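Counting begins at 1 with the first residue of the sequence. For clarity, every value in this text was computed on a predicted model and none was experimentally measured.
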Amino acid sequence: FHRLQRLCARGDIIGIQESHGGRGDLNTVDREWPNHKHFGSFGDKAAVGGVTISISIALANAFDHFEEVVLWKARCLAVR
């Protein structure tokens, strides 16, 4: 989590591959880093792949809404 904390402090858009975990972990990330909106796609098992995208609230406020699009489960995620 320390690396994510540093990334969130410095970046408006953060993409992470091989994040592992599951959707429930996004709740933890939301709670720990409320200055970003977090999106993710995960495999059926926590040890399999996973991708996340985090967007700073400062940048997110410039848009009306976001749509999370899973292009390949646990491997490729788009936010538009």
Chemist: Can you find a heavy atom in the side chain of Ile55 that is under 4.5 Å from one in the side chain of Phe66?
Modeler: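 Yes, at least one pair of side-chain atoms sits under 4.5 Å.
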Chemist: Transitively linked via ILVMFWY side-chain contacts under 4.5 Å: Leu26 with Ile16?
Modeler: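 Result: no, two separate clusters.
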Chemist: Return the CD1 to OG1 distance between Ile14 and Thr52, rounded to the nearest 0.5 Å.
Modeler: 8.5 Å
Chemist: Looking only at heavy atoms, what is the nearest atom pair of Ser19 and Val51, with distance?
Modeler: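 Smallest interatomic distance, heavy atoms only, reads OG-N, 3.4 Å.
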Chemist: Quick one: pull up CD in Gln17 and SG in Cys76 and give me the separation to the nearest 0.5 Å.
Modeler: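 Result: 9.0 Å between the selected atoms.
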Chemist: Would a distance-only check, ignoring hydrogens and angles, find a side-chain to backbone donor-acceptor pair under 3.5 Å from Asp25 to Gly22?
Modeler: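 Yes, Asp25 side chain to Gly22 backbone: donor-acceptor pair under 3.5 Å.
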Chemist: Less than 4.0 Å between a side-chain N and a carboxylate O, is that true for Asp30 and Lys37?
Modeler: no
Chemist: Flag yes if more than 12 heavy atoms outside Asp44 fall under 6.0 Å of its CG atom; otherwise flag no.
Modeler: no
Chemist: Checking the side chain of Arg23 only, and the main-chain atoms of Gly40 only, is there a donor and an acceptor separated by less than 3.5 Å?
Modeler: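 Here the side-chain-to-backbone pair exists.
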Chemist: If you look at every heavy atom in Ala78 and Leu71, which pair is closest and at what distance?
Modeler: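 Heavy-atom minimum between the residues: CB-CD1, 4.1 Å.
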Chemist: Using only heavy-atom distances, determine whether the side chains of Ser54 and His38 contain a donor-acceptor pair under 3.5 Å.
Modeler: yes
Chemist: Which atom pair, heavy atoms only, marks the closest approach of Leu77 to Ile53?
Modeler: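 Heavy atoms of Leu77 and Ile53 come nearest at O-CD1, 3.5 Å.
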Chemist: Give me the atom names and distance for the closest heavy-atom approach of Val48 to Ala74.
Modeler: O-CB, 4.3 Å
Chemist: For Glu68, look at atom CD and say whether over 12 heavy atoms of other residues, nucleotides or ligands are found less than 6.0 Å away.
Modeler: yes
Chemist: For the NE2 atom of His65 and the CZ atom of Arg80, what is their distance to the nearest 0.5 Å?
Modeler: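 Going from NE2 on His65 over to CZ on Arg80, the span is 9.0 Å.
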Chemist: Before giving the answer on side chain to side chain contact (heavy atoms under 4.5 Å, CB included), spell out for Asn27 and Val29 the whole-Å C-alpha distance, their side-chain angles and the decisive distance to 0.1 Å.
Modeler: CA-CA 5 Å; Asn27 293 330; Val29 174; over 6 Å; no
Chemist: With side chain to side chain contact (heavy atoms under 4.5 Å, CB included) as the criterion, how do Glu18 and Arg75 come out once you've worked through the C-alpha distance, each side chain's angles and the decisive distance to 0.1 Å?
Modeler: CA-CA 8 Å; Glu18 296 296 327; Arg75 299 290 180 201; 2.9 Å; yes
Chemist: Under 4.5 Å between side-chain heavy atoms, hopping through other hydrophobics if needed: is there a path connecting Val70 to Phe39?
Modeler: yes
Chemist: Dump the intermediate steps for side chain to side chain contact (heavy atoms under 4.5 Å, CB included) on Ile13 and Leu59, then the final yes or no.
Modeler: CA-CA 9 Å; Ile13 300 174; Leu59 179 60; 3.7 Å; yes
Chemist: Say whether, by atom type as modelled, one donor and one acceptor occur between the side chain of His36 and the main chain of Gly11 under 3.5 angstrom.
Modeler: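 Yes; at least one donor-acceptor contact below 3.5 Å.
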